[in-house]
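Single-structure report; data block below.
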Amino acid sequence: QRKKIVTDSETVGVVGVKRERWELEEFSFGSKMYLVDRKTNKAYLQNGAWVRLVGKLVNSQMHLMSERPDIFMELFKVTRDRADELLSLFEKFDLDGQGVLSLRELSRVVKQLIPSATPSQLRFMRSVLDSDGSPDTVFAFDDLLDILKECNSAQTDVRSPNMVEAMHVLQPMSKQVFSKIVKVKKLFKQMDQGKAR
């Protein structure tokens, strides 16, 4: 017999107060005990009196949201906690003194600030920042700060409970895209009617 936790919740909205019964059922997966809402299949971990959304149960398999630190989140923390060090390294790697860094130079700065950054995280960072595919892409310090603030804001939105279903769709889709990147580029070029590149 699986234990069920039943709570009554109230949601205050524009049209009034909505009262509903929320039932969470225990579900053991791996070495952890999750609480699953059988209506939505959303999975939670209990943290004292509160529960925290951690994933979704799909076909008796637990699909967990990523817990790995995001390189952009880590960089945002650096800008918040160690901004002087970031500026100092930015200036140190700006060898020509023009106030901008290339993607390679920026990767070196990040590696110095976050020694645990993996090569795949650095590649991911470069591919996200290199939106036009140009080898000449450069960033000024203020532009970098703006990008990191934007990434932090987007990451906060992505981690909201309303996004768990989207993450379960996007994760397999992104794996397909990255595994077939050459085909995707070719298909994109075929479909690009305006030749935007």
*Main-chain N/O of Ala117 paired with Lys111 side-chain donor or acceptor, under 3.5 Å*: yes
Taking a hydrophobic cluster as the set of Ile, Leu, Val, Met, Phe, Trp and Tyr residues connected by side-chain heavy atoms closer than 4.5 Å, whether directly or through intermediates, do [X] and [Y] fall within one such cluster?
X      : Y      : answer
Val138 : Leu106 : no
Ile114 : Leu87  : yes
Leu145 : Leu113 : yes

Straight-line distance of [X] [atom1] to [Y] [atom2], nearest 0.5 Å:
X      : Y      : atom1 : atom2 : value
Lys56  : Asp37  : NZ    : CG    : 10.0 Å
Glu85  : Lys92  : CD    : NZ    : 10.5 Å
Thr79  : Asp84  : OG1   : CG    : 11.5 Å
Ile147 : Leu144 : CD1   : CG    : 6.0 Å
Gln121 : Ser116 : CD    : OG    : 7.0 Å
Ser88  : Gln112 : OG    : CD    : 10.0 Å

Is the closest side-chain heavy-atom distance between [X] and [Y] below 4.5 Å?
X      : Y      : value
Phe139 : Leu103 : yes
Arg38  : Phe27  : yes
Asp94  : Asp96  : yes

*If a pair satisfies ring-ring contact (aromatic ring centres under 6.0 Å, His included) and one of its residues is in residues 80-112, list it, with sequence neighbours excluded.*
Phe90-Phe141
Nearest heavy-atom pair of [X] and [Y]: which atoms, and what distance?
X      : Y      : result
Leu45  : Met33  : CD2-O, 3.5 Å
Val109 : Leu86  : CG1-CD1, 3.9 Å
Ser107 : Leu122 : O-CD2, 4.1 Å
Glu26  : Leu35  : CG-CD2, 3.8 Å

Is the [atom1] atom of [X] crowded by more than 12 outside heavy atoms at less than 6.0 Å?
X     : atom1 : answer
Lys77 : NZ    : no
Asp81 : CG    : yes
Arg82 : CZ    : yes

*Residues Met125, Leu75; criterion side-chain contact (heavy atoms from CB on, under 4.5 Å); working and verdict*: CA-CA 10 Å; Met125 179 197 71; Leu75 272 174; 3.9 Å; yes
*asked:* Run Val54 and Tyr34 through side-chain contact (heavy atoms from CB on, under 4.5 Å) and show every step you take.
replied: CA-CA 9 Å; Val54 294; Tyr34 296 90; 3.8 Å; yes
